[in-house]
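One structure is given below, encoded as structure tokens.
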Amino acid sequence: MEGKAITPAPNASTKSASPESDREVLKIWGGHSLKGQVKISGAKNSALVVMAGTLLCPDDCRLRNVPSLVDIAGMAQILAAVGVKIEQNGDVLDINARNILDTQAPYELVSQLRASFFIIGPLLARLGFAKVPLPGGCAIGARPVELHVRGLQALGAEVHIDHGTVHAYVKGPNRRLKGAKIYLDYPSVGATETLMMAATLADGETIIENAAQEPEVVDLANFCCAMGAKIQGAGTNTIVISGVRQLHSVDYPIIPDRIEAGTFLIAGAIARSEISLAPVIPDHLTAVIAKLQAIGAKIIVEAPDIVRIVPAYRHGATDIETLPYPGFPTDMQALFMALLTLSEGDSLIKETVFENRLRHVAELNRMGADIRVKGNVAVVRGVARLSGAPVMPTDLRASAALVLAGLAADGVTTINSLQHLDRGYEQLEVKLQKLGAKLLRVKASEAANAELPVEIGRSGLH
Ligand code: EPZ
């Protein structure tokens with residue numbers, strides 16, 4: 001049979017998820033100021049794990065403030081694939097996991113969404129067995145799961161990996177996990193969440209030491225407690241879970257996304273614009289706010305859930321080291337680096353959480369930044385201005401960082417792949433347009449001739 005000849009389209013990314021013909025790009029006209037208030041969506045990294053947590057419950061679960069993201073849709077598909085009933089109505093998800101028909105998530109879905117690995121803990125706790133394909137690595141690192149596996153073994157599960165799939169089951173007549181004392185070599189967010197969920201239905205008490213303290217861990221714990229779980233210490237490095245027999249229905253609102261909020265604080269700073277954000281939980285942004293203040297921006301908490309940024313005309317330099325919460329969040333590293341490229345002086349950024357999370361440096365340098373990398377350390381020498389350029393982001397937060405750099409750059413920046421961005425930000429370009437940013441989402445084939453609609457251009461504030 002005659003095969004279809006595949007010819008490389010000009011400038012096509014061979015990695016684009018969709019065919020070249022409908023690949024979309026963002027075209028950004030830099031140098032415009034922003035104003036107004038932006039709505040922050042529910043937290044991606046809470047919603048994903050809480051969705052997995054609904055597998056613990058045989059009754060109806062209603063989740064509110066769920067962001068509309070590619071990753072959320074992916075997790076919904078994975079839940080549906082194992083038999084969960086799931087209905088979306090705007091930012092509300094109605095989920096019923098009474099009848100779990102299968103305990104194996106399909107490889108083609110799992111391979112695209114690392115967070116799908118979160119179903120292993122709840123399936124083991126609920127049914128006593130689970131088969132979950134190993135999540136692959138991604139652009140930022142190998143992302144192993146041995147802390148999850150070792151913890152589940154400590155809780156009494158037999159776990160082995162065969163042909164890329166993790167096979168786990170609980171021996172014994174009632175197939176019930178048994179509480180245990182677990183020490184995590186590293187305060188892994190995912191491992192803490194997997195083990196906390198598994199322990200909610202285990203027989204006896206589980207103690208997780210050196211646990212992650214991220215707000216998303218606390219949100220998951222609050223969600224489980226709202227279903228009747230007994231969890232204490234979430235948000236500290238020691239979490240104690242007393243197992244119960246069964247959980248019940250819940251109607252639960254997801255916390256606001258602190259990384260999206262941090263992204264918009266940087267947007268205001270890099271565009272030298274005063275903007276406000278709501279809803280926000282300021283305590284979730286302590287490290288980011290401290291660093292913004294250190295370089296000369298003012299952060300005003302206008303109400304318990306409203307934050308305003310008043311940027312400096314030119315920000316100073318500062319040093320950043322990414323750490324587990326409450327340290328500076330790794331997810332904000334690329335974004336803050338974009339801002340520091342325009343600071344007065346040299347900044348040193350050390351990425352300690354992931355082994356390969358400085359790949360946005362090359363793209364920022366193409367926009368005129370002056371950044372040198374040695375191992376996991378980047379030295380950012382401030383420049384007076386960035387210049388717009390076509391760029392190709394490598395991961396989710398790098399994509400957002402390049403969008404923000406484009407807001408400040410002279411001329412036009414084209415973000416040539418949006419597959420990462422759409423996984424983690426809900427309509428980022430729409431929210432920025434509402435603040436006055438000049439950018440358009442267009443088909444790659446139309447980008448060269450795309451122009452701002454006149455009405456947008458006329459009201460542009462230079
Ligand atoms: C969560 O990933 C987030 N993802 C990440 O957000 C975030 O960057 C990360 O936590 C750190 O805050 C979700 O919540 C869906 P880890 P996770 O386990 O759980 C190593 C984004 O942009 N490790 O705390 O995978 C691991 O390799 C994403 O929204 C092991 O070695 O993070 C990494 O170097 C990116 N063995 C470090 O720990 C393990 O078994 C931190 O990983 C598990 C992790």
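From a predicted model like this one, the values you see are computed outputs, not experimental measurements. Counting convention: from 1, in listed order, for ligands and their atoms alike. All values below were derived from every heavy atom in this structure, side-chain atoms included, with hydrogens, water molecules and symmetry-related copies excluded.
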Do any N/O atoms on E193 end up under 3.5 angstrom from N/O atoms on ligand 1?
-> no
Geometric N/O contact R397 with ligand 1, under 3.5 angstrom = yes
Qualifying residue, where the test is side chain to side chain contact (heavy atoms under 4.5 Å, CB included) with F264 and the options are L428, L34, L404, V280 = L428
N or O contact, S188 vs ligand 1, cut-off under 3.5 Å = yes
Answer yes if the side chains of S46 and E216 hold a donor-acceptor pair under 3.5 Å, and no otherwise.
-> no
Near Y186 (heavy-atom distance under 4.0 Å), the atoms of ligand 1 are 37 (C), 38 (O), 41 (C)
Taking non-hydrogen atoms only, is R114 closer than 4.0 angstrom to ligand 1 via side chain, backbone, both or neither?
-> side chain
Taking only heavy atoms of T330 into account, list the atoms of ligand 1 that are under 4.0 Å away from them.
-> 8 (O), 11 (C)
Please identify which atoms of ligand 1 are closer than 4.0 Å to at least one heavy atom of L396.
-> 22 (O)
Which ligand 1 atoms are under 4.0 Å away from a heavy-atom of K44?
-> 21 (C), 29 (O)
Looking only at protein heavy atoms, identify the closest one to atom 23 (N) of ligand 1 and say how far it is in Å.
-> P144 O, 4.2 Å
Heteroatom distance test (I140, ligand 1): nitrogen or oxygen, under 3.5 angstrom | no
Counting from 1, what ligand 1 atoms have a heavy atom of R357 closer than 4.0 Å?
-> 8 (O), 22 (O), 35 (C)
Would you mind finding which of L184, V149, D331 brings a heavy atom closest to atom 8 (O) of ligand 1?
-> D331
Is it the case that K291 and T318 place a side-chain donor and acceptor less than 3.5 Å from each other?
-> yes
Any N/O of V353 closer than 3.5 Å to an N/O of ligand 1?
-> yes
Would G141 count as a contact of ligand 1 if the rule is a heavy atom under 4.0 Å away?
-> no
Count the heavy atoms of every other residue, nucleotide or ligand shown that sit under 6.0 Å from CD of E146, and state whether that count exceeds 12.
-> yes
Is it the side chain, the backbone, both or neither of Q333 that has a heavy atom closer than 4.0 Å to ligand 1?
-> neither
Proximal atoms of ligand 1 relative to H148 (non-hydrogen, under 4.0 Å) = 40 (O)
Residue portion contacting ligand 1 (non-hydrogen atoms closer than 4.0 Å) for A191 | neither
Between E260 and K431, does at least one N-O distance fall below 4.0 Å, as a salt bridge requires?
-> yes
Pick, from V189, D185, L147, the option with the minimum heavy-atom distance to atom 12 (O) of ligand 1.
-> V189
Start with the C-alpha distance between H167 and E158, add both sets of side-chain angles, then the distance that settles side chain to side chain donor-acceptor pair (under 3.5 Å), and finish with yes or no.
-> CA-CA 8 Å; H167 297 261; E158 294 287 326; over 6 Å; no
Using 30° and 60° as the class limits, which term best fits the ring planes of F118 and H148: parallel, tilted or perpendicular?
-> tilted
Taking atom 17 (P) of ligand 1 as the reference point, the nearest protein heavy atom with its distance | R143 NH2, 3.8 Å
Of all protein heavy atoms, the one nearest atom 19 (O) of ligand 1 is G190 N, 2.8 Å
Quick one: do R441 and D422 make a salt bridge, cutoff under 4.0 Å?
-> yes
Identify whether the distance between the nearest side-chain nitrogen and carboxylate oxygen of R64 and D251 falls below 4.0 Å.
-> yes
Give the residue and atom name of whichever protein heavy atom lies nearest to atom 15 (C) of ligand 1, and the separation in Å to one decimal.
-> N45 OD1, 3.4 Å
